Amino acid sequence: MTAHQPKLDWRRTHTCGQLRKSDVGSSVTLNGWVHARRDHGGIYFVDLRDRYGLTQVVLGAEHKDAVKLGPEFTISVHGKVVARDAANINKERPTGEVEVIVDRLEILSRSKVPPFQIDTDEEVALETRLTYRYLDLRRPNVQKNLVHRSRFINAMRRAFEAQNFVEVETPILTKATPEGARDYLVPSRVHPGEFYALPQSPQIFKQLLMVSGLDRYFQVARCFRDEDLRADRQPEFTQLDMEMSFVEEDDIFKTWEQVLKATFKDAMNVDIQTPFPRMSWIDAMERFGVDKPDVRFGLELSEAGEWAATCEFMVFKEAIAKGGRVKALVVPAKLELSRKDVEDTLTCIAKAAGAGGLAWWKAGKEGGVGPLARFCKGEAAASLMKAIGASEGDMCLFAAGPRNQVWRVLGDIRTHLGKRFALAQQGTWKFTWVTEFPMFEWDADSKRWFSAHHPFTAPRDWDLGGADVGPQDPKLGELFSRAYDLVMNGWELGSGSVRIHKTDVQQRIFDILGIGAEEQQRKFGFLLEALSFGAPPHAGFAIGLDRLTALSLGMDNIRDVVAFPKTTSAADLMCGAPSIVAPEQLTEVHIKTAVPPAKA
RNA sequence: GGGGACGUAGCUCAAUCGGUUAGAGUACCGGCCUGUCACGCCGGUGGUUGCGGGUUCGAGUCCCGUCGUCCUCGCCA
């Protein structure tokens, strides 16, 4: 007659971040990982950790198992919640006023000694962290980034749904595109010698959804680009992608301003300023020298062309005569740039940006100091100071040459100075819409035009002669598009455009890009066909969620907000991807590699 | 594809001008400790200095190559 013994239940009644003074007296069961252990001979303390926090559990001498507990063992403890003596309260922890006196300990899972310590904030080499990413993610500071990301994305979802958007999934196995980034290819088993491509973005599909009448679409979309990596670029990344019908730029801007305002409030309780200021691309370049200006600080570029045209400094004079530009960056005297700073560091930046050198002048009514001083005698000094808005003692830096180079030189220097003097106020999020980008960019190597944004972007000024010029016409470089970027704190967060919704316009753009009629049909026939069935005017936008969530945490490496990121060489150190595959697998998909089987 | 930095104990780092047996902290193992909270104290194990070659009486250190990680230029419609 064996009485039926109910099996002891090891499952938790509370999490490790939950217990407070109000729980004193109750019996609880906690599950978690052994974080830190403190053995005092007759008494043994364990900080038990789970996603929610740490709770100190106390084991008396009767628990012989306790001394066998290793770091990162997974255990279950049952016991009574007691209040700590005033002297023993840990003010650093939310659970620090209580502890659990354990009457039952069960080891759920043992652990090998971990390759690095989970219970410290010691910096560990990324190589090791990524190899054991599942352990790295146990570290509270790393884990909280993923939790934040989840909260952030869900807040965005709610904001879009509140505005009647429909979330639609688009294919991952799709078609290679001739323009843009390098595609990741997937061989087809069923169609020998043919390939799918992973999407660089859901661009064409979302436009087709507008043709379908979905009207408002969004998606948390994974995108793939086979290009080299950076701190802010992974080969696969996530966009919050959207598209709207019967709208123009304004509507997209307003929608996103609402979504981002709601998201920052919802996920972070941060109030961001809306509407976001708008700035044309040409203004951004002229004022800041870059298309993604950090507007948290001033230090804007000034115009020196008029002064340069009549000055005695031949480099300036000739630059203007050749149709180039001369601009200046006036660095206030209080920032204290030394001659060495200018002639070493800043000149180095200028040269890297394509300049021959960096002309400088410490402004002064008596002619100032520096290489430019001898051209600034008498009236010239005063007129230059007036032209560029400099005061006595300011350090004035000049770039002369083709406008793209002038912008870049001074833009790079401005960005550098912003970082060096910490000019940007931390903890603020300043958004700007940058609008009216150039339509085409000339590629000197292939001697043809490329879309600055993508080939489906509507031109702003179709009448400017664009409809008649041939595909080699330099005038195409003067055309602007209806593309726009969202910039925050000097980062490009996302981009979008008003789209072409007419077949003939789309065909004309393909013509200019050197995509012939036959190729247009083969590669984009379905899109051109779709546009011929009453396509509504539409526009869209996509934001890089990895960058946005990283920035909202004050980080500048997106690996910190990606669960399983890849290295600079696009490898996954944990699972060992990419890897060779069995010859049979290759045969099945009709692939023969040109690489000898060296690393087997 | 180019440039730069780095690679030493499980982890984080040190090692003088090229010179004795490559050290420290931490982790781990053993011992002690009933109020700690990154507990403390005592003792111990632990090294193909990424890998291969070269120079040298002698290489962690210098040279060449290679692999890996990071940053960056090109690239990323």
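Below, chain A is the first sequence line, B the second, and so on; all start at residue 1. Reckoned from all heavy atoms, side chains included, excluding hydrogens, waters and symmetry mates. Note that the structure is a prediction, hence the values are computed from the model and not measured.
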* Say you pick atom P in B/U66 and the same atom in B/G3; how far apart are they, in whole Å? -> 11 Å
* Asked: Can a side chain N or O of A/Thr568 be found less than 4.0 Å away from OP1 or OP2 on B/C70?
  -> yes
* Sticking with atom P, work out how far B/C39 lies from B/U26, rounded to a whole angstrom. => 12 Å
* Asked: Between B/A15 and B/C62, how far is it from one P atom to the other, in whole Å?
  -> 12 Å
* Asked: Are the side chain of A/Asn31 and the backbone N or O of A/Ser76 linked by a donor-acceptor pair below 3.5 Å?
  -> no
* Please state the P separation for the pair B/U8 and B/G47 - nearest whole angstrom. => 15 Å
* Pairs in or reaching into residues 82-94 of chain A: which pass side-chain hydrogen bond (donor to acceptor under 3.5 Å, both in side chains), with residues at least two apart or in two chains? -> A/Asp47-A/Arg93
* Where along residues 537-546 of chain A does a heavy atom fall under 4.0 Å from RNA chain B? -> none
* **Pairs involving residues 496-530 of chain A, ordered by first then second residue, that meet ring pair (Phe, Tyr, Trp, His ring centres under 6.0 Å) (sequence neighbours left out)** => A/Phe456-A/Phe524, A/Phe510-A/Phe524
* Scan residues 31-42 of chain A against RNA chain B and write down, sorted by residue number, each residue with any heavy atom closer than 4.0 Å; if none is found, say none. => A/Ala36, A/Arg37, A/Arg38, A/Asp39, A/His40, A/Gly41, A/Gly42
* To do: Check for a donor-acceptor pair, side chain of A/Gln18 on one end and backbone N or O of A/Thr15 on the other, with a separation under 3.5 Å.
  => yes
* Going by heavy atoms closer than 4.0 Å, what residues in residues 73-91 of chain A are next to RNA chain B? -> A/Arg84, A/Asn88, A/Asn90
* To do: Just jot down the ring-ring contact (aromatic ring centres under 6.0 Å, His included) partners of A/Phe224, sequence neighbours excluded, or say none.
  => none
* To do: State plainly whether the residues A/Asp341 and A/Arg420 are in salt-bridge range, i.e. N to O under 4.0 Å.
  => yes
* To do: Determine the interatomic distance between P on B/G40 and the same-named atom on B/U36; round to the nearest Å.
  => 12 Å
* Between B/G35, B/C76, B/U69, which one does the side chain of A/Ala181 approach most closely? -> B/C76
* If you look at every strand shown and take non-hydrogen atoms under 4.0 Å, does A/Glu492 touch a base, only sugar-phosphate, or nothing? -> nothing
* Asked: With no hydrogens and no angle check, is any side-chain donor or acceptor of A/Asp291 less than 3.5 Å from a backbone partner on A/Trp281?
  -> no
* **A/Phe541-A/Trp433 aromatic ring centre distance below 6.0 Å** => yes
Could you list all N or O pairs between the protein and nucleotides 10-12 of chain B that sit under 3.5 Å apart?
unit_1 : atom_1 : unit_2   : atom_2 : d
B/G10  : O2'    : A/Pro115 : O      : 2.6
B/C11  : O4'    : A/Pro115 : O      : 3.4
B/C11  : O2'    : A/Glu122 : OE1    : 3.3
B/U12  : OP1    : A/Ala125 : N      : 2.5
B/U12  : O4'    : A/Glu122 : OE2    : 3.1

* Rounded distance (nearest 0.5 Å) linking atom CD of A/Gln200 with atom CZ of A/Phe237 -> 8.5 Å
* Asked: Given the C1' atoms of B/C17 and B/A59, what is the spacing between them in whole Å?
  -> 14 Å
* Structure fact -> Residue set satisfying ring-ring contact (aromatic ring centres under 6.0 Å, His included) with A/Trp449, at least two apart, ordered chain then number -> A/Trp442
* Sugar-phosphate, base or nothing in reach of A/Phe45, heavy atoms under 4.0 Å -> base
* Between B/A9 and B/G4 - C1' atom distance, rounded Å -> 29 Å
* Who are the side chain to side chain contact (heavy atoms under 4.5 Å, CB included) partners of A/Asp103, not counting sequence neighbours? -> A/His78
* Is there a residue in residues 229-239 of chain A whose heavy atoms reach under 4.0 Å of RNA chain B, and which residues are they? -> A/Arg230, A/Ala231, A/Arg233
* To do: Mind checking ring-ring contact (aromatic ring centres under 6.0 Å, His included) for A/His40 and listing every partner two or more places apart, or none if nothing turns up?
  => A/Phe45
* To do: Would you indicate, yes or no, if B/G68 has its OP1 or OP2 atom less than 4.0 angstrom from a side-chain nitrogen or oxygen of A/Thr567?
  => no
* Asked: What residues, two or more places apart in sequence or in another chain, satisfy ring-ring contact (aromatic ring centres under 6.0 Å, His included) together with A/Phe288?
  -> none
* Asked: Would you call A/Arg20 and A/Asp23 a salt bridge, taking side-chain N to carboxylate O under 4.0 Å as the test?
  -> no
* To do: Can you tell me, in whole Å, how much space there is between the P of B/G58 and that of B/G19?
  => 15 Å
* Could you tell me whether A/Asp412 and A/Arg408 make a salt bridge, using a distance below 4.0 angstrom between a side-chain N and a carboxylate O? => yes
* Structure fact -> Between A/Pro71 and A/Asp47, whichever has its closest RNA chain B nucleotide further toward 5' is A/Pro71
